[in-house]
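What follows is one structure encoded as structure tokens, with my remarks underneath.
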Amino acid sequence: MQWKNDDATNGQVVAGGKGEGNGLHQLNGPRDVLIDKETDSLIICDRGNKRVVRWSRRSGTTQGEILIDNIQCFGLTMDEQRYLYVSDWGKHEVRRYQLGEKNGTLVAGGNGYGDEPNQLNRPTYLFVDRQQNVYVSDNRNHRVMKLNKGAKEGIVVAGGQGQGNALTQLSYPRGIFVDTLGTLYVADMGNHRVMRWTQEDKKQGTLIVGGNGEGAGANQFDSPFGLSFDRHGNLYVSDYDNSRVQRFSIE
């Protein structure tokens, strides 16, 4: 769906909308989406169909094209060189693809599931910075990993202290975002909150929004999934089980 900033009541369908299915005009449980400005298209993790697809944003588009198939994708991101990064929930790995490439290059995990520095356990969302360092939301390990460009092993940059709700812990983390100062924001799904980790203090995070129990209040979430910022510093959170997107202004 596409929603204009000034109209929160009427969105328009820009991909799918033809019921659940595996036709090129359909999607099945899409998990993540990004805008490729260069080609004015959407790249979508069509998870239920185990594929990554591209839909043009030009009006009149009625179907997408398959970029990568046979992949249990969950999260996607693209770097400034237009490499596409995709997390594979089933293979516990993250691969980098040149657009049009089918196999990609392993950049994280790929050594079976586990909690070693070269392993992941159900990776979900991704972020890549300008230096091509990759951040991975390592869902079942309740941590966020950072893989410096070319590194075979990652370092824990949030959580990694077991599942819990202390400031040092995460519970099934999902969406992540890293600003230009290297500050990491995490949608801490199981704790119904958004946390922030700074470069100075990697041992524990700070509560930003939520953390007031599961609920539908303005200061609550029910399983926050994705997050992003706009250029004005407003935080957007997809609040999964409340079927809504929330916007917050963060000081």
- request: Mind checking ring-ring contact (aromatic ring centres under 6.0 Å, His included) for W89 and listing every partner two or more places apart, or none if nothing turns up?
  value: F74

query: Would the number of heavy atoms belonging to other residues, nucleotides or ligands and lying under 6.0 Å from CD of Q63 be above 12?
result: yes

field: All pairs passing disulfide bond (SG atoms under 2.5 Å apart) where residues 62-137 contributes a residue, at least two apart
entry: C45-C73

message: For Y185, give me all partners under ring-ring contact (aromatic ring centres under 6.0 Å, His included), at least two apart in sequence or on another chain.
response: F229

query: Is it true that a side-chain atom of D188 and a backbone atom of V194 form a donor plus acceptor pair closer than 3.5 Å?
result: no

task: Apply side-chain contact (heavy atoms from CB on, under 4.5 Å) to Q119 and list each qualifying residue two or more places apart in sequence or on a separate chain.
output: N111, E116

- request: Output yes when R95 and D88 qualify as a salt bridge under the 4.0 Å nitrogen-oxygen rule, no when they do not.
  value: no

message: Which residues end up grouped with Y113 if you chain together Ile, Leu, Val, Met, Phe, Trp and Tyr wherever their side-chain heavy atoms are less than 4.5 Å apart?
response: none

message: Other members of the hydrophobic cluster containing M145, with the 4.5 Å side-chain heavy-atom rule, please.
response: Y83, Y85, V94, V107, L120, L126, V128, V134, V136, L147, V156

task: Among residues two or more places apart or on two chains, list those pairs meeting salt bridge (charged side-chain N to carboxylate O under 4.0 Å, His left out) that have a residue in residues 38-55.
output: D40-R57, D46-R51, R54-E65

Pair listing, side-chain hydrogen bond (donor to acceptor under 3.5 Å, both in side chains) test, anchored in residues 143-167, at least two apart: Q132-K149, D138-R143, Q163-S171

field: Residues that Y172 engages under ring-ring contact (aromatic ring centres under 6.0 Å, His included), provided they are two or more places apart
entry: H142

- prompt: Hey, are the side chains of N70 and K102 touching, using non-hydrogen atoms and a 4.5 Å cut-off?
  reply: no

- request: Report the hydrophobic cluster partners of V52, with the cluster defined as I, L, V, M, F, W, Y residues connected by side-chain heavy atoms closer than 4.5 angstrom, directly or transitively.
  value: L34, I43, L67, I68, I71, L76, M78, L84, V86, Y97, L99

- prompt: Does NZ or CZ of R174 come closer than 6.0 Å to the centre of the six-membered ring of Y125, within 45° of the ring's axis?
  reply: no

- request: Quick one: list whatever passes side-chain hydrogen bond (donor to acceptor under 3.5 Å, both in side chains) with Y135, sequence neighbours left out.
  value: none

- request: Please collect all side-chain hydrogen bond (donor to acceptor under 3.5 Å, both in side chains) contacts where either partner lies in residues 220-236, sequence neighbours excluded, each pair once.
  value: S223-D241, D230-N234, D230-Y236

